[in-house]
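Everything below concerns the one structure shown next.
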Amino acid sequence: MTTILTVQNIAKTYNMRDGIVYALNDVSFAIKKGDFVSITGPSGSGKTTLLLALSGLIRPTSGQIIFEGKHLENASDKELAGFRKKHVGFVMQNFSLIPYMTAIQNVMVPLSLNGHVSAEQQVLSSAVLELVGLENRKNHFPRELSAGQQQRVAIARALVNKPSIIFADEPTGNLDPALSTEIMEFLQKINKELNITIMMVTHSPQAANYGNAKIMLEDGKLSR
Amino acid sequence: MNLLKLVWLELGQRKTQLISGILAITLGIGVIVAIRSISVVSEKAVAINLDNLGANIMVLPQGASVDNYYAADIDAPTFPEEYVERIVTSEITGVDNLSPKLTRRIDINGQKLVLTGILPKNELASKPIWQNSGLFGAELNAACGPSPSNESLGYKDEKLQRKSIDSLGISDCLIGSNAASRLKVKEGDKITVSGTELKIGKVLGETGTIDDDRIFAHLHTVQNILGIQGQVSAIEIMGCCNAISDGLLGKLRNILPDTKITTIGQIVSTQIKTNQLMNQISLIILIIIVFVGGISIGNYMWANVNERKREIGILRMIGYPKSSIYYILMLKAAIMGLIGGIIGYVAGVLIAWFLGPYIAGINIAPIPVLLLWSVIISVFISLVGSVLPAWFAARFEPYSNMQEV
Ligand SMILES: Nc1ncnc2c1ncn2[C@@H]1O[C@H](COP(=O)(O)OP(=O)(O)OP(=O)(O)O)[C@@H](O)[C@H]1O
Ligand SMILES: [Mg+2]
């Protein structure tokens, strides 16, 4: 299996009034294509910070991030935006749908960036909504959908651009156990069938068990 | 989905906020358009007046306002018709022609029109007093008045304007083009004005002034209709220019002490001054709306951007570059400006349409080029007001709003 993502000695510090906060401190690891990685650790240990750094939404203070041979730590903002739209899908804890758009319009947003015309956007978005079992809800607004349905729309949106990696930050954090299982099984299906690499932050041991690799953080450092 | 669609969907979400954001610009544009519409048309009317001056001196009652040449005698107080004789029997020379008038607004079949009573020239001239005094012609020379010709010194009766009329039957009338079309009448028809039937002798050509809404009838008929016998609201005098510079106005004032005597030139210049003032006011309003409108849009945008921090974070997360965020917000500002400009223009046209006849005594037609200006100004203000909020929004650190709450 080829390596998709390599992280070397990254650190992220914040200068606060009462001193320097190490959100990430000398973290190194490598992820292979097709891995399903669970990231665990206590609150404040740097899990979200790690995902944001890997996706280029924040820059590490030091260290290197290499995605498919390209260095992200010194890429321009524009290059990072291009990297996200091409390779990355996001699923957050609180669903992160755009409130004034219907389910299908939300799914179409990433497609607009890749220059698809309206008809193509319709077809591709309908297809992924069908994949997540929401084809009959595509004209509903987020407020008209249940929590689990909203999270599935978010997954559909993360999938529609055929990313090579999906970053998920506590995707089941707001869901009851039954829905959590449903979403986890769905992520596993994507990982297995579409061979999409997944890095998922979770607090739940059951959810962590879906992964085939684990990263554990404590105080911004790899533990274990 | 594309950026324009995204902006459009978002705009549809917050209509009330949108309206309050563009209100200042819209109101400002509306007022400017109204002022410009009225003053442009009334400037045109002034130009027409200067072309068609039939009389160059106006005798008006003391209380009359002279802000507007055309409206000066409408609804003004009255003075006795007998003043005409006072002028004629006096020793004053240099009066070529006079025309007493009585003008009032009237309502015929629900149409608001202007009724003017005039004394035809043949009746004035036939009075013995006129023949004796030899007013016509005797004092005139080539340097005085319009070029002498067989058209009675250049005052073409057909054009009427402020000119005298050679003859007019006691139950005849002449009607302005606009009044004729509003009443749906033509030459030879009869109209009833407050119970008195008048036969239309002629429909007058369009002039672009209030004369188009006017009905001219015999002075004495109009006095009877209005129930103010022996009174007039103005006397128009064609005075010889040499005589005017020799103090004709002062001499007239001596014999007609309780009246206001002005030259058309003074009235027109008052009107030009009023127009200039209006233009200055619209410039001041323009400066105010650039500030108030810009601040108001900026304020709205700032609130909007803060409210949408999360959404902007999502878009950045999906892969929108900073430039797209900036573009989305500026596009929104441009659309708001466009809407504000168009609504402002329409509002201004409506204001001018309703108030024009009262303020300037003329009907105002919309001026299409002002729409272009309204939109340009409004979009410009909106963009300028939104630059800072959009700039900050594009630079939001996207993660700061994606951390769980
Ligand atoms: N913008 C910031 N400014 C200052 N400190 C920050 C900022 N973002 C994160 N931190 C700090 O970095 C550390 C790691 O934060 P992070 O959000 O990555 O934790 P986490 O593991 O995701 O926690 P949780 O499980 O509660 O989501 C925390 O101590 C946090 O206070
Ligand atoms: Mg977190």
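Order of the sequence lines sets the chain letters (A, B, ...), proteins ahead of strands, with each chain counted from 1.
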Identify which part of [X] has an atom lying under 4.5 Å from any heavy atom of chain B, answering side chain, backbone, both or neither.
X        : result
A:Gln105 : both
A:Val88  : neither
A:Leu111 : neither

Open item on the list: Taking side chain as everything from C-beta outward and backbone as N, CA, C, O, which of these in B:Gln13 sits under 4.5 Å from a heavy atom of chain A? Side chain, backbone, both or neither.
Closed with: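 When you check distances to chain A, only side chain atoms of B:Gln13 fall under 4.5 Å.
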
- [ ] Go through the atoms of B:Leu6 and report whether side chain, backbone, both or neither lie under 4.5 Å from a heavy atom of chain A.
- [x]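 Looking at B:Leu6, backbone and side chain both touch chain A.
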
Open item on the list: Quick one about B:Lys332 and B:Asn304 (side-chain donor to acceptor, distance below 3.5 Å, no hydrogens or angles considered), yes or no?
Closed with: yes

TODO: For the pair A:His87 and A:Phe67, name the ring-plane relationship: parallel under 30°, tilted 30 to 60°, perpendicular over 60°.
DONE: tilted

- [ ] Verify, without hydrogens or angle tests, whether A:Arg84 (side chain) and B:Pro321 (backbone) share a donor-acceptor contact under 3.5 angstrom.
- [x]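 It does not hold such a pair.
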
Donor-acceptor pairs under 3.5 Å, side chain of residues 371-394 of chain B to any protein atom, not counting sequence neighbours: which ones?
| from | atom 1 | to | atom 2 | distance (Å) |
| --- | --- | --- | --- | --- |
| B:Ser374 | OG | B:Leu370 | O | 2.7 |
| B:Ser378 | OG | B:Gly337 | O | 2.5 |
| B:Ser378 | OG | B:Gly341 | N | 3.2 |
| B:Ser382 | OG | B:Ala333 | O | 2.6 |
| B:Ser386 | OG | B:Ser382 | O | 2.7 |

Open item on the list: Using a strict threshold of under 4.0 Å (side-chain N to carboxylate O), is an ion pair present between A:Arg152 and A:Glu182?
Closed with: yes

